[in-house]
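Accompanying notes for the structure given below.
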There are 4 protein chains.
Amino acid sequence: MFVRTVEPAFYDTDALGHVNNTRLPAWFELARNDLFRLFTPDLDPRKWRLIMARMEVDYRAELQYGREIEIRTYVSRLGNSSFTVSQEARQDGQLTNLGHTVMVHFDHATKQAVPIEGALREALEAHRQEEPADA
Amino acid sequence: MFVRTVEPAFYDTDALGHVNNTRLPAWFELARNDLFRLFTPDLDPRKWRLIMARMEVDYRAELQYGREIEIRTYVSRLGNSSFTVSQEARQDGQLTNLGHTVMVHFDHATKQAVPIEGALREALEAHRQEEPADA
Amino acid sequence: MFVRTVEPAFYDTDALGHVNNTRLPAWFELARNDLFRLFTPDLDPRKWRLIMARMEVDYRAELQYGREIEIRTYVSRLGNSSFTVSQEARQDGQLTNLGHTVMVHFDHATKQAVPIEGALREALEAHRQEEPADA
Amino acid sequence: MFVRTVEPAFYDTDALGHVNNTRLPAWFELARNDLFRLFTPDLDPRKWRLIMARMEVDYRAELQYGREIEIRTYVSRLGNSSFTVSQEARQDGQLTNLGHTVMVHFDHATKQAVPIEGALREALEAHRQEEPADA
């Protein structure tokens with residue numbers, strides 16, 4: 001599991017006074033940098049090996065400006081060429097959001113899915129985890 | 001069904017040369033303005049009557065900068081106090097994204113869900129529709 | 001002069017209830033699509049011929065969610081290889097923002113500025129204009 | 001001077017492969033959280049005491065995805081009720097962006113500028129600094 005802390009900016013808020021829903025997919029993508037490095041260690045976009053197939057985010061409580069947010073990132077499903085990333089946002093210890101992203105190991109030159117094998121598969125297995133009890 | 005056209009900006013793209021995945025939740029929120037007006041006709045945030053419970057987006061094909069994107073918005077489920085908004089993005093006639101957003105009719109003062117009744121229910125019913133055959 | 005209308009989305013607002021300041025550089029970039037087409041008619045990023053050298057935005061009044069915003073875009077200075085784009089945002093007829101962007105005609109392969117000549121220079125001259133009396 | 005590190009997300013890039021220009025105003029606002037706390041220690045938006053009057057950003061070099069960016073924030077001018085925040089972005093030790101933001105100490109209830117006095121003035125003076133030699 002990868003853990004990061006993000007700090008909301010004023011522009012992350014909306015007129016309801018809390019963090020806007022569209023910021024969660026963005027923060028979750030930022031936090032996936034840790035997973036992206038398993039595929040592309042130097043994060044060079046010209047060597048990119050992933051595409052996104054699906055994204056889901058549950059909104060269970062509001063996130064507020066002025067207090068840090070913890071993002072946890074792990075692999076909850078590992079298929080042949082695709083896998084699911086589960087991500088949790090927490091503020092003041094409360095689980096506010098649970099997200100799932102289906103990513104596909106992909107060759108952008110041939111536009112085809114590629115099996116996840118060898119050291120790459122082991123690296124993803126090492127970050128595999130069940131979803132939390134409070135989810 | 002509400003239909004709108006959005007034009008990608010350069011900042012909507014990412015280093016893979018296409019529209020970044022995080023823009024879909026944003027464009028879908030922009031397109032929900034039409035639905036929001038059924039709840040708050042002048043869109044005054046101080047009279048807001050909705051919260052988001054869940055968001056899903058499927059990514060079926062890439063969206064490109066330089067060509068317009070059509071967004072279709074309709075109600076695909078109407079519950080007691082919650083409903084599901086289905087949204088489609090299309091470019092050059094191809095369905096690239098299908099999104100679902102679960103919204104709850106909500107009283108922000110009492111922090112409670114409120115049944116959808118009367119003229120409001122009728123207005124939402126008028127925009128109810130099945131998902132498309134190509135979805 | 002190019003004129004466009006943008007409609008604020010809920011995510012464009014911030015906790016002060018108005019449009020967040022960071023949205024103006026984004027909307028101004030969207031509106032520059034019209035100017036970008038003079039350099040790259042199909043907007044193909046692989047043929048891009050511009051870089052940004054400087055951006056300024058004045059904030060004279062608040063922009064509100066729920067009402068359309070007019071963006072005017074024109075050339076206020078035309079140098080040898082660089083030019084300045086002036087952009088105005090107006091809501092309900094009031095000038096709320098005046099922006100200036102210094103762009104450089106640029107060869108991304110050789111990483112060098114390129115003089116603006118011939119038909120391209122004429123096209124930019126055709127959109128040249130003084131700033132408004134109310135600015 | 002306040003110093004922070006930001007890590008670019010994939011969505012911060014654009015089709016030219018580098019960080020998009022519109023992200024600098026956003027990152028600079030995030031980094032101003034440190035200054036905002038001098039005015040509103042708990043960052044509660046309902047007690048907000050500032051408005052933005054002007055923003056400028058110079059673009060001297062590209063910022064790349066995959067490497068951290070250092071943001072330095074300080075006060076370069078302190079007027080009666082307004083002040084200028086200077087902000088620098090650096091990657092791999094190179095100054096890539098210099099930004100200036102004119103903020104006004106403001107009473108959002110009466111919609112009037114308020115003089116910067118007493119402990120607040122001293123706090124801002126403590127973060128006052130000249131712009132760097134390489135700027």
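Just the heavy atoms: all of them, side chains too, but no hydrogens, waters or symmetry mates, feed the values below. In what follows, chains are A, B, ... by sequence order, proteins preceding strands, each numbered from 1.
Atom NZ of residue B:K111 and atom CD of residue A:E62 lie 4.0 Å apart, to the nearest 0.5 angstrom. One distance of note links CE of A:M52 with CG of B:L16; it measures 11.5 Å at 0.5 Å rounding. Between the CG atom in A:N21 and the CZ atom in B:F28 there is a gap of 12.5 Å [rounded to 0.5 Å].
Taking all atoms of both residues into account, the shortest heavy-atom contact from B:N20 to A:E29 is ND2-OE2, 3.5 Å.
Residue A:N97: no heavy atom, backbone or side chain, is found under 4.5 Å from chain B. Heavy atoms closer than 4.5 Å to chain B are found nowhere in A:H100, neither backbone nor side chain.
For the set A:A53, A:A26, A:P45, A:P25, the entry with the most heavy-atom pairs within less than 4.5 Å of chain B is A:A53. Interface remark: of the candidates B:H108, B:R23, B:R54, B:R54 forms the most heavy-atom pairs closer than 4.5 Å to chain A.
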